[in-house]
Colleague: 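Okay, handing you the structure first.
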Amino acid sequence: MKNNVISRPVPSEKHHKGPVAITLPDGSVRRYDGPVTGADIAADIGAGLAKAALAVRVDGELRDLLAPISKDSDLAIITARDEDDALELIRHDTAHILAEAVQELFPETQVTIGPVIKDGFYYDFSRDTPFTTEELEVIEARMREIVARDEPIRREVWDRDEAVGYFRSIGEDYKAEIIEGLPADEEVSIYRHGDNWLDLCRGPHLPSSGKIGDAFKLTKVAGAYWRGDSRNEMLTRIYGTAWRDKKELKAYLHRIEEAEKRDHRRLGKDMQLFHFQEEAAGMAFWHPKGWTVYRALQTYLRRKLDKAGYKEINTPQIVDRSLWEKSGHWDKFAEHMFSLTSDARELAVKPMNCPCHVQVYNQQLHSYRDLPLRLSEFGSCHRYEPSGAMHGLMRVRAFTQDDAHIFCMENQIQSESEAFATLLFEVYKDLGFEQVKVKFSDRPEVRAGDDATWDRAEAALKDATKAMGLDIELNPGEGAFYGPKLEFVLTDAIGRDWQCGTLQVDFVMPERLDATYIGEDGARHRPVMLHRAIFGSFERFIGILIEHYAGRFPLWLSPVQVVVATITSDADAYAHEVHDKLKAAGLRAEIDLRNEKINYKVRDHSLAKVPALLVVGRREADEGGVSIRRLGSKDQVTLSLDDAIKALVNEAVMPQ
């Protein structure tokens with residue numbers, strides 16, 4: 001922090017003075033007479049490693065390169081080759097360099113917090129005049145000067161009360177407030193850059209500012225309330241990105257540029273698919289073309305579900321509070337639910353379909369011979385999302401889940417999980433997604449059911465993943481409150497990940513809602529309930545599809561599949577004939593007879609992402625043909641009308 005004149009080294013740690021054995025990842029052991037640092041060990045191994053070292057992992061914990069190691073430990077030296085750790089360190093340090101640069105240029109500014117986020121970092125600042133986009137270039141230039149100075153970064157430990165007093169004395173009230181929130185007897189971790197500037201931080205950090213490199217960029221400014229509370233002061237948030245080298249930075253900036261071009265909100269407007277307005281915040285108004293895409297996607301998925309043995313149902317949108325209490329949602333999920341009162345009864349708009357599906361299941365007594373029973377619903381749900389969290393179709397308050405629940409016996413979990421995964425991968429492939437990652441999410445802190453029940457559910461789901469041969473990534477603590485789940489994460493055309501499909505194993509809700517079946521032994525048993533979705537929600541998945549295809553849907557999914565456009569008005573009659581035949585063949589066709597030049601019409605329909613334009617003039621009318629111009633191509637092909645229609649009809653067939 002600015003104008004600091006206090007110097008406090010890290011106090012001597014209490015450790016034994018005896019020898020220390022360090023076990024490296026290759027199994028080799030290095031022995032030292034006493035405490036040693038990662039820097040010492042890297043230098044001992046070789047000058048090249050000493051130069052490349054960024055930090056160390058000691059018994060799995062990421063630590064500073066200069067942190068003393070005083071006991072026998074497993075150690076790995078972190079270099080730029082260790083992608084995840086290296087990026088975490090580089091982005092963390094770059095956030096601090098941003099704060100240092102800001103205070104060198106604008107010393108009246110207070111710094112608050114600056115965490116690492118996906119693909120980068122941000123730092124929040126308090127300043128009388130908010131920062132502007134134009135000032136980012138100046139700040140970034142100063143950051144590069146600090147990196148070039150290669151300032152050493154060293155950790156100090158301060159007494160809590162002294163730290164509060166110091167930060168108050170230099171006008172850093174936000175830092176003082178953070179420290180005051182710590183326990184009274186807790187020591188405070190401070191990192192000093194060079195001789196003067198310092199910041200509050202747990203660490204770890206790189207050994208010097210020069211290790212950051214030059215692959216960083218400040219990207220934007222935004223407003224943010226202190227501690228995320230709208231009752232507090234509005235701060236200025238500066239975002240940035242940082243990478244291991246310029247090649248990675250360039251690739252990321254290209255991805256961001258592509259993402260902006262593909263933004264579903266902009267394309268949705270250009271293509272006249274949907275809109276949002278304040279009178280129904282977070283709830284889409286679907287236009288005819290957007291609803292055409294929605295219905296086509298729903299028809300496709302309904303056919304797949306019918307073929308896979310699902311029975312479609314439909315359940316109420318407003319249900320008495322008592323059901324949500326029985327299911328556990330009122331206790332665990334009430335803050336996200338819309339509620340209302342009618343006839344002196346408290347009701348809730350359903351945020352999910354599962355309790356209602358159990359009600360359908362419970363209307364008759366089932367035998368083990370009836371199982372598995374697969375109930376599906378395109379269920380309309382509502383959840384309260386804070387206004388700041390909503391984002392076009394990606395985060396809404398009203399959505400339709402492609403939901404289904406499989407009621408089965410415990411010994412059917414594996415086969416049903418495998419059948420679902422097969423279906424899901426087929427759907428994703430049909431829709432253009434070849435890369436799918438699978439995450440295993442186990443029990444969250446807030447959950448229903450005892451540990452023994454969770455042990456059974458987690459074991460069953462893990463066994464199913466092994467049987468399916470799925471390569472899973474652990475996602476600790478992210479399960480649903482009623483059971484563990486698999487999350488299916490697809491990768492889009494520009495490399496972004498989207499978590500869409502889920503499969504959850506639930507022993508809890510059938511117990512809470514008294515679902516039973518008659519077993520082979522004649523006794524009543526609880527079914528297992530598998531919650532599963534492929535899209536997650538139609539709204540979000542359509543948003544993902546728009547961005548994945550950049551609006552250029554495959555022909556079967558495109559809202560307008562073909563437009564007949566005239567070159568001159570003397571071809572109008574023939575254009576009507578072509579249009580009528582396209583419609584009769586089942587194609588979604590429109591006609592453009594406007595008195596505009598053909599190049600204007602081509603640009604207009606390209607903006608709307610129409611896949612095929614059939615251009616007709618006097619010559620085409622005389623010969624009974626059409627000139628086909630494809631979206632994104634400057635070339636055109638002339639075919640007979642019948643051949644053109646046949647080719648388009650074949651291309652427009654919905655995947656089976």
Side-chain angles (χ1 to χ4, degrees), residues 48 51-55 62 65 77-102 104-105 111 113-125 131-151 153 191 193 199 201 203-222 224 236-263 266 435 437 489 491-498 547-548 550:
K51 184 177 180 180
L54 303 177
L62 193 63
L65 202 58
I77 295 172
I78 304 302
T79 69
R81 292 183 178 182
D82 301 288
E83 182 176 0
D84 291 344
D85 285 337
L87 286 174
E88 180 82 14
L89 288 161
I90 289 168
R91 290 167 180 166
H92 188 177
D93 281 49
T94 310
H96 283 255
I97 298 299
L98 164 60
E100 182 178 3
V102 164
E104 285 186 5
L105 292 166
V111 299
I113 58 171
V116 172
I117 56 175
K118 180 176 171 58
D119 294 332
F121 59 90
Y122 70 78
Y123 217 116
D124 288 346
F125 300 96
F131 289 106
T132 64
T133 302
E134 291 70 28
E135 289 172 309
L136 295 188
E137 187 175 337
V138 176
I139 297 170
E140 188 178 310
R142 179 57 63 93
M143 291 172 67
R144 298 191 185 282
E145 291 177 17
I146 295 170
V147 170
R149 296 200 300 250
D150 197 20
E151 298 174 337
I153 302 173
Y191 277 83
H193 292 210
D199 200 358
C201 187
H205 278 279
L206 299 169
S208 68
S209 62
K211 294 286 188 181
I212 291 171
D214 58 359
F216 62 85
K217 183 175 181 59
L218 300 183
T219 54
K220 63 179 180 179
V221 295
T236 300
R237 177 170 294 175
I238 297 180
Y239 286 93
T241 187
W243 298 84
R244 294 177 296 174
D245 55 45
K246 285 189 174 181
K247 183 179 179 181
E248 287 185 342
L249 174 62
K250 183 179 179 180
Y252 169 75
L253 294 176
H254 175 70
R255 241 181 6 256
I256 293 302
E257 183 181 353
E258 275 296 307
E260 289 176 356
K261 292 178 184 176
R262 294 165 180 262
D263 190 316
R266 181 177 65 81
Q435 297 182 50
K437 290 181 283 194
V489 182
T491 302
D492 72 7
I494 59 173
R496 297 173 301 178
D497 288 343
W498 303 94
E547 298 198 1
H548 175 64

Colleague: Is it true that E104 and R149 have a side-chain N and a carboxylate O under 4.0 angstrom from each other?
Modeller: yes
Colleague: Hey, what do you get for NZ (K261) to CD1 (I256), rounding to the nearest 0.5 Å?
Modeller: 13.0 Å
Colleague: Just checking W243 against Y252, ring centres under 6.0 Å apart?
Modeller: yes
Colleague: Check whether H548 reaches the backbone of A493 with its side chain - one donor and one acceptor, N or O, closer than 3.5 Å.
Modeller: yes
Colleague: Could you pull out the closest heavy-atom pair between S209 and I97, with the gap in Å?
Modeller: CB-CD1, 3.9 Å
Colleague: If you compare all heavy atoms of I139 against all heavy atoms of I238, which two are closest, and at what distance to 0.1 Å?
Modeller: CD1-CD1, 3.9 Å
Colleague: Just by distance, do the side chain of R244 and the backbone of A86 share a donor-acceptor pair under 3.5 Å?
Modeller: no
Colleague: Verify the distance criterion only: is there a donor paired with an acceptor across the side chains of D150 and S208 at less than 3.5 Å?
Modeller: yes
Colleague: How many angstroms lie between atom CG of L253 and atom NZ of K246, to the nearest 0.5 angstrom?
Modeller: 12.0 Å
Colleague: Measure the shortest side-chain to side-chain distance between I117 and Y239 over non-hydrogen atoms and say whether it is less than 4.5 angstrom.
Modeller: yes
Colleague: Using the six-membered ring wherever Trp is involved, compare the ring planes of H205 and H92 and label them parallel, tilted or perpendicular (cut-offs 30° and 60°).
Modeller: tilted
Colleague: Check the pair R496 / E547 against salt bridge (charged side-chain N to carboxylate O under 4.0 Å, His left out), numbers first and verdict last.
Modeller: CA-CA 10 Å; R496 297 173 301 178; E547 298 198 1; 2.9 Å; yes
Colleague: Can R144 and D214 be said to form a salt bridge (charged side-chain N to carboxylate O under 4.0 Å, His left out), step by step?
Modeller: CA-CA 7 Å; R144 298 191 185 282; D214 58 359; 5.5 Å; no
Colleague: Between D82 (side chain) and D85 (backbone), is there a donor-acceptor pair under 3.5 Å?
Modeller: no
Colleague: Say whether Y123 and D199, considering side chains only, have a donor N or O and an acceptor N or O under 3.5 Å apart.
Modeller: yes
Colleague: Restricting to non-hydrogen atoms, name the atom on L89 and the atom on L206 that form the minimum distance, rounded to 0.1 Å.
Modeller: CB-CD2, 3.8 Å
Colleague: Does the side-chain contact (heavy atoms from CB on, under 4.5 Å) test come out yes or no for R266 and E260, once each step is laid out?
Modeller: CA-CA 9 Å; R266 181 177 65 81; E260 289 176 356; over 6 Å; no
Colleague: Looking at F121, does the NZ or CZ of R91 lie under 6.0 angstrom from its six-membered ring centre and within 45 degrees of the ring axis?
Modeller: no
Colleague: Please find the pair of heavy atoms, one from A80 and one from L54, that lie closest to each other, and give the distance.
Modeller: N-CD1, 3.7 Å
Colleague: Has K217 got more than 12 heavy atoms of other residues, nucleotides or ligands less than 6.0 Å from its NZ?
Modeller: no
Colleague: Where the side chain of T79 meets the backbone of A52, is there a donor-acceptor pair that is under 3.5 Å apart?
Modeller: no
Colleague: Report yes if the side chains of T132 and V221 come closer than 4.5 Å at any heavy-atom pair, otherwise no.
Modeller: no
Colleague: Exactly one of Q435, K437, K118 should register a side chain to side chain donor-acceptor pair (under 3.5 Å) with D497. Which one does?
Modeller: K437
Colleague: Is the closest side-chain heavy-atom distance between W498 and V489 below 4.5 Å?
Modeller: no
Colleague: Does any non-hydrogen side-chain atom of R255 lie less than 4.5 Å from one of E258?
Modeller: no
Colleague: Considering all heavy atoms of both residues, which atom of R142 and which atom of A101 are nearest to each other, and what is their separation?
Modeller: CG-CB, 3.8 Å
Colleague: Identify the heavy atoms of F131 and E135 that sit nearest to each other, and give their distance.
Modeller: CA-OE1, 3.2 Å
Colleague: Looking at CD1 of I90 and OG1 of T94, how far apart are the two atoms once the value is rounded to the nearest 0.5 Å?
Modeller: 7.0 Å
Colleague: Take I153 and K211 through the side-chain contact (heavy atoms from CB on, under 4.5 Å) test and state the conclusion after the steps.
Modeller: CA-CA 10 Å; I153 302 173; K211 294 286 188 181; over 6 Å; no
Colleague: Measuring only between side-chain heavy atoms, which start at C-beta, is T236 closer than 4.5 Å to D124?
Modeller: no
Colleague: Side-chain contact test, heavy atoms from C-beta onward, threshold under 4.5 Å: evaluate it for V138 versus L105 and give yes or no.
Modeller: yes
